[in-house]
Each structure stands twice: as structure tokens, then as C-alpha cells.
Amino acid sequence: MLPPLTDANRAFWTGGANGELLIQKCRSCDRWVHPPVDACPACGGGLHAEPVAGTGTIYTFTVNEQQYHPDVPPPYVIAVVTLDEDGDLRLPTNIVNAEPETLAIDQRVRVVFEAHDDVYVPVFEPIG
């Protein structure tokens, strides 16, 4: 199930084509904004997509054991990752390339992308 691309979210979902995780940032108040929206929720300012390092830590996670979609076999890890750029900048995502029992809160992770046509889904894998 891929997201429909809009003017607000296009950079986030397509930046992986160039290996970049692009997050919106306000031109007026310099606040990071995610998920993508049309204007800054803090000040109403204009937003632009800016590359981030793509590294962070696992804030929380759960292991899904149920098969809700035929193309996604369990188990898989659903997580919230805090990006290094800002402690309040958190992305819901999946953790890949790791056994669920090896994961921990505050574990370091980096972005990798799953390509699906024009959409590059950012998921994360443990560092090291």
C-alpha cells in the first residue's frame, strides 16, 4: 500500500531515489516538520525539503506477529525513530535487517530505502 504523492509529501517519498531522507523544515521558524504538510503547524510559514543525516535511535517499537496484508509476512518490526537532527523529530517506520529479539530502545539506526516504482519508503536498520 503506497502513499499517493502530493506536493507536500513528494520530496519525502521520492528522496530515496538519490539516497536522501528529505524532511520538511520551516523557512520562517526553522522548525522540522513531519509528517509532511502544506504549512508549518507552529507559525504557518512556508516549508522546504531538507536532507537529514538519516541516523537516529529507536524511540519505541513493537513486533507484529499477525499477517494483516498478504505481501507482508510476520514477524516485522514497527518502530518510531528519533532522528539525530532534533529530539522531537520522530518518524514511524519499520526496522529491517535485524532479528526482532536483538533490538532495543535507544539503539542506533540508519535509513535505507525500499523502492516501489516512484516511491522510496524509508525504513531503518541497526548500525553495527
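Remember, predicted model here, so these are calculated numbers, not experimental data. Side-chain atoms are counted along with the backbone in the values below, which use heavy atoms only and exclude waters and symmetry mates.
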*Please report the shortest heavy-atom distance between Ala98 and Leu103, naming the atom on each side.*
CB-CD2, 3.9 Å

*asked:* Could you measure the distance from the CG atom of Asp38 to the OG1 atom of Thr6? Nearest 0.5 Å is fine.
replied: 7.0 Å

*Does Pro75 offer a backbone N or O that forms a donor-acceptor pair with the side chain of Asn64 under 3.5 Å?*
no

*Is any side-chain heavy atom of Thr93 closer than 4.5 Å to a side-chain heavy atom of Val109?*
no

*Taking side chain as C-beta onward, heavy atoms only, is Asn9 less than 4.5 Å from Pro35?*
no

*Asp86 side chain to Asp88 backbone, donor-acceptor under 3.5 Å*: yes

*Can you tell me how far NZ of Lys25 sits from CG of Leu22, rounded to the nearest 0.5 angstrom?*
13.0 Å

*Check the pair Leu83, Phe124 against side chain to side chain contact (heavy atoms under 4.5 Å, CB included), reporting the backbone distance first and the verdict last.*
CA-CA 11 Å; Leu83 295 180; Phe124 287 76; 3.9 Å; yes

*Please report the shortest heavy-atom distance between Arg10 and Thr14, naming the atom on each side.*
O-OG1, 2.6 Å

*Side chain proximity check, Phe61 to Val81, heavy atoms < 4.5 angstrom*: no

*Between Pro41 and Val37, what is the shortest heavy-atom contact and its length?*
CD-CG2, 4.3 Å

*For the residue pair Val96 and Pro126, what are the closest heavy atoms and their distance?*
O-CD, 3.5 Å

*Roughly how far, to the nearest 0.5 Å, is CG of Asp7 from CG of Leu47?*
12.5 Å

*Any salt bridge (Lys or Arg N to Asp or Glu O under 4.0 Å) pairs touching residues 97-115, not counting sequence neighbours?*
Asp84-Arg108, Arg110-Glu125

*Under the side chain to side chain contact (heavy atoms under 4.5 Å, CB included) rule, what do Val77 and Asn94 come out as? Steps first, then yes or no, please.*
CA-CA 5 Å; Val77 178; Asn94 293 106; 5.9 Å; no

*Assess whether side chain to side chain contact (heavy atoms under 4.5 Å, CB included) is satisfied between Leu91 and Ile23, documenting all intermediate values.*
CA-CA 10 Å; Leu91 272 66; Ile23 303 293; 4.2 Å; yes

*How close do Arg31 and Ala42 get, heavy atom to heavy atom, and via which atoms?*
NH1-CB, 3.3 Å

*If you group Ile, Leu, Val, Met, Phe, Trp and Tyr by side-chain heavy-atom gaps below 4.5 Å, do Phe12 and Leu5 land in one group?*
yes

*asked:* For residues Leu89 and Tyr59: do they belong to one hydrophobic cluster (side chain heavy atoms under 4.5 Å, members Ile, Leu, Val, Met, Phe, Trp, Tyr)?
replied: no

*Do Val80 and Ile105 share a hydrophobic cluster, counting only Ile, Leu, Val, Met, Phe, Trp and Tyr and linking them when any side-chain heavy atoms are less than 4.5 Å apart?*
no

*asked:* Would you say that Leu21 contacts Phe113 through its side chain, given a criterion of any heavy-atom pair below 4.5 Å between the two side chains?
replied: yes

*Taking the side chain as every heavy atom from C-beta outward, state whether Cys29 and Cys40 have any pair of such atoms under 4.5 Å apart.*
yes

*Check Glu50 against His48 and note the closest heavy-atom contact, atom names and distance.*
OE1-NE2, 3.0 Å

*Give a yes or no on whether the backbone of Gln24 and the side-chain of His34 come within a donor-acceptor separation of less than 3.5 Å.*
no

*Given side chains that start at C-beta, do those of Ile95 and Tyr76 come closer than 4.5 Å, heavy atoms only?*
no

*Check: Tyr68 and Pro74 side chains under 4.5 Å, non-hydrogen atoms*: no

_Trp13 and Pro122, any side-chain heavy atoms less than 4.5 Å apart_ = yes

